[in-house]
*Asks:* 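Sending over a structure as structure tokens; questions will come in a sec.
Just so it is clear, the structure is predicted and the values come from calculations on it, not from any experiment.
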Amino acid sequence: MDDMDFPTPDAEVESVAPSELKARIDAGEAVTLLDARMGSDYEEWRIDGESVESINVPYFEFLDEEIDEDVLAKIPDDREVTVLCAKGGASEFVAGALKDRGYDVNHLEEGMNGWARIYEAVEVERYEGSGTLLQYQRPSSGCLGYLVYDDGEAAVIDPLRAFTDRYLDDAAELGVDLTYAVDTHVHADHISGVRDLAEEGVEGVVPDAAVDRGVTYADEMTLAEDGDEFRVGDAVIETVYTPGHTSGMTSYLIDGELLATGDGLFVESVARPDLEEGDEGAEDAARQLYETLQERVLSLPDETLIGGAHYSDAAEPAEDGTYTAPIGELREKMAALSMDEDEFVDLILSDMPPRPANHEKIIATNLGQQETDDDEAFELELGPNNCAASKDSLAGD
């Protein structure tokens, strides 16, 4: 919708930076959003929060000089309203039309595209291994990544292509060399940044077990096999093969303290098993996931932290603001982890959300089988990740 040419509003409309809106929501301030995108886009993906009131009125309702009174009645006139759209054009127009009518309004800079560029680094305070561990968080999609650094070296796990420069800049600011860029698996919801970082001189690492899916650039990467170790200063990153979500799914145990599980296990759910072989292969993958969780993940000490590659709106952050949790705590809260195999398989096949938007193109790009420029790559990964097996949290059931 933002490809349209909207007239410049007569009224001067203030804009709100995505980071400012995020800070207000994080602080628990009451925020009222008027989302001017089409209803289907709004239902698939929108800004939520405990203190957020979100209203959807598509932009075309405001194109006529005389706006229908029923439309205006949906919009609060007793508080500030932030209008948003996909890229910022329609929202500025709508906000101007409302301001002309006496509403207290502003609009979100760059719309949901701007929201998708928010990327925050939060320290994992419970990490007690060598060096420092950060968790990268992308609230628009729930993508998570990890940066561990010690003694002048650093490694990033599950980097996003859209933030390639960010990792390099962060390493420079911290005074360390970014030594490794590591992927847990062939992602289906976002474009990996491993190859772009490798072009910048960082050693790219992909699971050896994922190569059989058709990775075209394996010769340019270091292939991680089960048990392989990578050192960052005094911190040791151990490769742990954890198939189930995909046949090549691989976790990385960071100095014995945090298992970066990719899409194998999240703080609120477990992996969906249908993104590689579809519905036909989902049951076999679910059984493989059960075996992996029981034998390779839950066998670790209870105090080992779990950190997935994603979180959903149903996830609750820890006290330090990260989406991490000890294995013992997850075992207590998530009944799925104590079920027998048949119960587990039935559960995770019963409530899977829609597959990630554009997942086939994203997988092809991550395999190197399809060329995708930066702008298209960014557009492909907009929206929720939907990599968990459940729409709602399984923790606390």
Side-chain angles (χ1 to χ4, degrees), residues 119-124 126-127 129-138 141-150 153-164 166-168 170-171 174 176-198 200 202-210 221-233 235-242 245-246 248-267 271 296-297 300 304-311 322-324 366 385 387:
Y119 202 51
E120 300 174 321
V122 184
E123 183 175 347
V124 183
R126 289 180 291 181
Y127 171 76
S130 296
T132 302
L133 180 63
L134 305 179
Q135 182 181 71
Y136 285 110
Q137 303 175 355
R138 191 183 193 184
S141 62
C143 286
L144 300 172
Y146 300 86
L147 182 79
V148 58
Y149 62 94
D150 184 49
E153 297 180 321
V156 61
I157 298 175
D158 284 335
L160 309 183
R161 174 170 156 184
F163 297 96
T164 298
R166 170 68 183 276
Y167 306 119
L168 297 169
D170 283 358
L174 292 167
V176 299
D177 292 327
L178 188 55
T179 310
Y180 299 109
V182 184
D183 259 346
T184 54
H185 65 296
V186 178
H187 294 276
D189 67 298
H190 67 259
I191 308 299
S192 166
V194 165
R195 280 189 291 164
D196 287 69
L197 286 167
E200 298 295 331
V202 181
E203 184 173 339
V205 179
V206 298
D208 179 70
M221 298 285 139
T222 295
L223 303 183
E225 299 186 27
D226 187 44
D228 284 352
E229 294 182 350
F230 303 88
R231 289 188 172 272
V232 175
V236 177
I237 302 173
E238 180 185 352
T239 304
V240 183
Y241 181 45
T242 51
H245 174 64
T246 66
M249 181 72 242
T250 298
S251 300
Y252 296 93
L253 183 61
I254 303 174
D255 219 35
E257 291 287 322
L258 180 142
L259 185 69
T261 56
D263 290 355
L265 176 62
F266 312 109
V267 297
R296 310 230 69 189
V297 178
L300 293 171
T304 307
L305 294 172
I306 292 296
H310 299 107
Y311 70 99
T322 65
Y323 292 91
T324 60
N366 284 331
N385 62 74
C387 286

*Asks:* Could you tell me which residues satisfy side-chain hydrogen bond (donor to acceptor under 3.5 Å, both in side chains) with Glu120, sequence neighbours excluded, listed by chain and number?
*Replies:*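 If we apply the side-chain hydrogen bond (donor to acceptor under 3.5 Å, both in side chains) test to Glu120, skipping adjacent residues, the hits are Lys22.
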*Asks:* Taking only residues two or more places apart in sequence, or in another chain, which ones meet Asp170 in a side-chain hydrogen bond (donor to acceptor under 3.5 Å, both in side chains)?
*Replies:* Tyr136, Arg166
*Asks:* Let me confirm one number: the CG-CZ distance from Leu133 to Arg126, rounded to the nearest 0.5 Å.
*Replies:*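 It comes to 11.5 Å.
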*Asks:* Among all residues two or more places apart in sequence or in another chain, which pass the side chain to side chain contact (heavy atoms under 4.5 Å, CB included) test with Ala198?
*Replies:*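 Only Met221 meet the side chain to side chain contact (heavy atoms under 4.5 Å, CB included) criterion with Ala198.
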*Asks:* According to side-chain hydrogen bond (donor to acceptor under 3.5 Å, both in side chains), who are the partners of Tyr127, at least two apart in sequence or on a separate chain?
*Replies:* none
*Asks:* What residues, two or more places apart in sequence or in another chain, satisfy ring pair (Phe, Tyr, Trp, His ring centres under 6.0 Å) together with Tyr180?
*Replies:*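 If we apply the ring pair (Phe, Tyr, Trp, His ring centres under 6.0 Å) test to Tyr180, skipping adjacent residues, the hits are Phe230.
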*Asks:* Test of understanding: with side chain to side chain contact (heavy atoms under 4.5 Å, CB included), list the residues that count as partners of Thr250, not counting sequence neighbours.
*Replies:* Pro207, Thr239, Tyr241, Tyr252
*Asks:* Taking atom CG of Asn366 and atom OG of Ser192, what is their separation to the nearest 0.5 Å?
*Replies:*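 Asn366 CG to Ser192 OG: 5.5 Å, rounded to 0.5 Å.
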*Asks:* Could you state the interatomic distance from OG1 (Thr132) to CG (Asp150), rounded to the nearest 0.5 Å?
*Replies:* 7.5 Å
*Asks:* Of all the heavy-atom pairs spanning Val267 and Ile306, show the shortest one and how long it is.
*Replies:* CG1-O, 4.2 Å
*Asks:* What are the two closest heavy atoms between Glu123 and Leu134, and how far apart are they?
*Replies:* CA-CD2, 3.7 Å
*Asks:* What pairs with His245 under ring pair (Phe, Tyr, Trp, His ring centres under 6.0 Å), at least two apart in sequence or on another chain?
*Replies:* His185
*Asks:* Which residues satisfy the ring pair (Phe, Tyr, Trp, His ring centres under 6.0 Å) test with Tyr149, sequence neighbours excluded?
*Replies:* none
*Asks:* With sequence neighbours left out, what residues match Asp177 under side-chain hydrogen bond (donor to acceptor under 3.5 Å, both in side chains)?
*Replies:*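 Testing Asp177 for side-chain hydrogen bond (donor to acceptor under 3.5 Å, both in side chains), a comparison that skips the adjacent residues, returns none.
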*Asks:* For Asp196, what residues pass the side chain to side chain contact (heavy atoms under 4.5 Å, CB included) criterion, not counting sequence neighbours?
*Replies:* Arg161, Thr164
*Asks:* Aromatic rings His310 and His187: how do their planes relate, parallel, tilted or perpendicular, breaks at 30° and 60°?
*Replies:* perpendicular
*Asks:* Name all residues meeting the salt bridge (Lys or Arg N to Asp or Glu O under 4.0 Å) criterion together with Arg296; count only those two or more places apart in sequence or in a different chain, and write none if there are none.
*Replies:* Asp226
